[in-house]
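I have placed the structure first, in the form of structure tokens, so that the comments after it can refer back to it.
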Amino acid sequence: MQESIRIEQIRIEFKKAFGIAPSFIARAPGRVNLIGEHTDYNGGFVLPVAIDRSILIAVAPVIGVRRFELVSLEYNDSVTFEPANLEPVVGKVPLWANYVQGVMWALAQKGLLDLNEPPGARLLIQGDVPRGAGLSSSAALEVASALAFLHLAGSSFEQVQMARACQKAENEYIGVKSGIMDQFISAMGEPDSALLIDTRSLDYRTIPLGLEELGYKIVAVDSAVPRTLAGSAYNKRREECEEAAKILSKQLGLPNRSQLRDISLSDFNEQAETLPETLRMRVRHVITEDARTLEAIERMQAGFTNPANLRRFGELLNASHTSLSDDYEVSCAELDLLVDLAHAVPGVIGARMTGAGFGGCTVNIVAANSLPDFEEKVVQEYRQRTGLNAQSHICKAVRGGEIV
């Protein structure tokens with residue numbers, strides 16, 4: 001559905017729910033990561049795009065009341081809270097509301113919001129980012145909430161600071177030790193472009209995609225295998241990487257705070273046998289994934305009008321999936337099936353799982369004239385084989401979060 005229509009609808013729903021019109025609407029998009037998976041919490045490089053699926057939060061202040069009333073249209077649920085009672089206690093309210101409250105708490109912790117400043121408010125939340133699909137509905141909710149609270153209070157802020165506060169909410173209030181990528185791209189995405197993000201320095205570059213002009217689309221396929229990051233092996237992977245970084249740093253004489261990003265491929269190859277097998281596999285993925293991401297940028301900047309560059313870009317995506325499945329072990333049989341089916345369709349340049357894994361989505365670069373074949377031979381075939389109701393989403397790169 002067009003966003004302009006959704007914005008008008010949420011205004012109508014707000015009036016139905018609260019009897020007044022909203023003062024403003026905060027919007028933040030979900031994301032698809034093209035390449036650079038499970039590298040962000042290792043200080044590495046990522047290449048996400050903000051997509052045309054978003055969370056909208058309509059807001060009206062309530063003067064003289066220090067209470068926030070949240071209503072979610074998706075969950076058909078409501079929660080009321082007061083800023084004075086915010087604590088990072090996972091599960092004390094429905095999880096969707098935990099994200100909103102956690103953002104207010106984190107903004108205060110980061111010094112971006114004085115909890116005595118904003119008036120109380122009524123907030124109505126609606127989203128079309130598929131939940132549990134690996135398209136970062138949680139980060140979109142966090143960024144939209146941050147924009148809503150900061151705008152309500154009239155606070156000045158930098159986008160990067162806001163993204164870091166949203167990450168803090170995810171890490172410390174929700175309990176998922178995610179990196180910065182999802183919140184960063186939701187806050188700072190650019191139309192028709194990806195962002196190359198150095199997740200350690202937070203330097204970033206806008207990289208024009210150049211796919212639409214050549215007749216290619218970014219297609220995300222939701223496997224319909226749900227996954228909850230807090231209950232998955234996601235945090236375990238991070239712990240494994242941190243353990244491996246400590247071991248290798250000591251062996252190589254690097255500073256104690258070094259990350260896997262600091263380990264060269266040649267140094268890893270020399271020291272690989274000193275690591276337990278599981279850690280060796282994890283490190284190999286992270287180091288080679290960073291290399292794939294940087295090569296992907298080179299191919300994009302050299303131009304996809306050269307078919308060799310586009311072909312190599314697809315090969316890098318394919319290699320990323322193999323690494324995530326074999327070395328990092330965050331894929332699953334269903335994601336592997338989606339990727340295998342995609343490889344058999346002419347016009348598919350590359351395919352891989354995207355997001356944290358253990359279910360969720362694949363990302364595919366598909367020729368526009370191959371979309372009907374893709375739908376039949378990938379999505380429908382997958383449904384027949386698994387009994388799961390997979391859904392495809394043609395994604396367009398859009399601007400990051402804003403007040404609309």
Side-chain angles (χ1 to χ4, degrees), residues 29-53 134-136 139-140 159-160 163 167 178-212 214 216-220 259-261 285-304 309-324 328 330 339 349-357 360-366 393 395-400:
R31 67 95 185 93
V32 162
N33 188 28
L34 296 180
I35 195 168
E37 213 68 76
H38 286 274
T39 57
D40 57 344
Y41 51 82
N42 288 293
F45 301 93
V46 294
L47 187 67
V49 298
I51 61 172
D52 52 343
R53 306 290 193 279
L135 297 177
S136 286
Q159 297 286 80
V160 174
Q167 181 196 16
S178 66
I180 189 67
M181 173 181 68
D182 294 351
Q183 294 84 4
F184 197 103
I185 188 64
S186 183
M188 303 185 67
E190 292 289 344
D192 303 314
S193 301
L195 289 188
L196 172 63
I197 307 169
D198 179 332
T199 61
R200 181 156 66 189
S201 68
L202 297 188
D203 291 337
Y204 66 97
R205 279 190 286 151
T206 301
I207 309 292
L209 286 171
L211 291 170
E212 293 269 351
L214 296 175
Y216 289 91
K217 301 289 186 181
I218 299 171
V219 183
Q259 296 173 288
L260 291 184
R261 181 251 184 87
H285 165 72
V286 173
I287 292 176
T288 58
E289 184 77 348
D290 268 340
R292 283 187 288 269
T293 303
L294 294 177
E295 184 182 349
I297 295 299
E298 292 176 2
R299 297 292 177 163
M300 293 174 74
Q301 293 183 321
F304 286 157
N309 290 328
L310 184 57
R311 184 170 58 252
R312 178 58 182 161
F313 182 80
E315 291 171 353
L316 292 166
L317 266 61
N318 296 339
S320 173
H321 181 80
T322 299
S323 181
L324 286 160
Y328 219 65
V330 291
V339 169
I349 298 300
R352 72 176 193 89
M353 60 151 281
T354 187
C361 267
T362 63
V363 60
N364 309 264
I365 308 300
V366 185
H393 305 277
C395 299
K396 182 177 178 62
V398 300
R399 187 177 307 283

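Worth knowing before you read on, the calculation uses all heavy atoms, side chains too, and leaves out hydrogens, waters and symmetry mates. Starting from 1, each residue takes its place in the sequence as its number.
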Self-check item: Residues V46, I180; criterion side chain to side chain contact (heavy atoms under 4.5 Å, CB included); working and verdict
Solution: CA-CA 10 Å; V46 294; I180 189 67; over 6 Å; no
Exercise. Taking T39 for its side chain and F45 for its backbone only, find out whether a donor-acceptor pair lies under 3.5 Å.
Key: yes
Quiz prompt | Heavy-atom closest pair, residues G350 and N318 | solution = CA-OD1, 3.4 Å
Quiz prompt | Which atom of T199 lies closest to which atom of D40, heavy atoms considered | solution = OG1-O, 3.0 Å
Quiz item: Is any side-chain heavy atom of E289 closer than 4.5 Å to a side-chain heavy atom of I35?
Solution: yes
Quiz prompt | Validation row: Q301, R205 side chains within 4.5 angstrom (heavy atoms) | solution = yes
Practice problem: Give the minimum heavy-atom separation between N364 and T362, together with the two atoms involved. | Solution: ND2-OG1, 3.2 Å
Quiz item: At what distance, to the nearest 0.5 angstrom, does CE of M300 lie from CZ of R312?
Solution: 15.0 Å
Self-check item: Nearest non-hydrogen partners of G36 and R352, listed with the distance
Solution: N-NH2, 4.1 Å
Exercise. Determine the minimum heavy-atom distance between P29 and V398, stating which atoms define it.
Key: CB-CG2, 4.2 Å
Self-check item: Donor on one side chain, acceptor on other, S323 and R292, under 3.5 Å
Solution: yes
Quiz item: Any side-chain heavy atom of L209 within less than 4.5 Å of one from D192?
Solution: no
Exercise. Evaluate the ring planes of Y41 and Y328, with Trp represented by its six-membered ring, and classify them as parallel (under 30°), tilted (30 to 60°) or perpendicular (over 60°).
Key: tilted
Quiz prompt | Reported OG1-to-CD distance for the pair T293 and E37, which is rounded to 0.5 angstrom | solution = 9.0 Å
Quiz item: Looking only at heavy atoms, which two atoms of L202 and V160 are closest? And how far apart?
Solution: CD1-CG1, 3.6 Å
Quiz item: For the atom pair CG (L211) and CD1 (I349), what is the distance rounded to the nearest 0.5 Å?
Solution: 9.0 Å
Practice problem: Indicate whether any N or O donor in one side chain lies under 3.5 Å from an N or O acceptor in the other, for S178 and Q167. | Solution: no
Quiz item: Side chains of L195 and T206: closer than 4.5 Å at any heavy-atom pair?
Solution: yes
Quiz prompt | Check: I197 main-chain N/O paired with D203 side-chain donor or acceptor under 3.5 Å | solution = no
Practice problem: To the nearest 0.5 angstrom, please state how far the CZ atom of F304 sits from the OH atom of Y216. | Solution: 10.5 Å
Quiz prompt | Interatomic spacing from CG in D52 to NE2 in H393 - rounded to 0.5 Å | solution = 11.0 Å
Self-check item: Approximate separation, where rounding is to 0.5 Å, of N33 CG and I185 CD1
Solution: 9.0 Å
Exercise. For the pair V339 and M353, evaluate side chain to side chain contact (heavy atoms under 4.5 Å, CB included) and give the outcome as yes or no after the intermediate values.
Key: CA-CA 8 Å; V339 169; M353 60 151 281; 5.5 Å; no
Quiz prompt | Close side-chain approach of L135 to C361, heavy-atom, < 4.5 Å | solution = yes
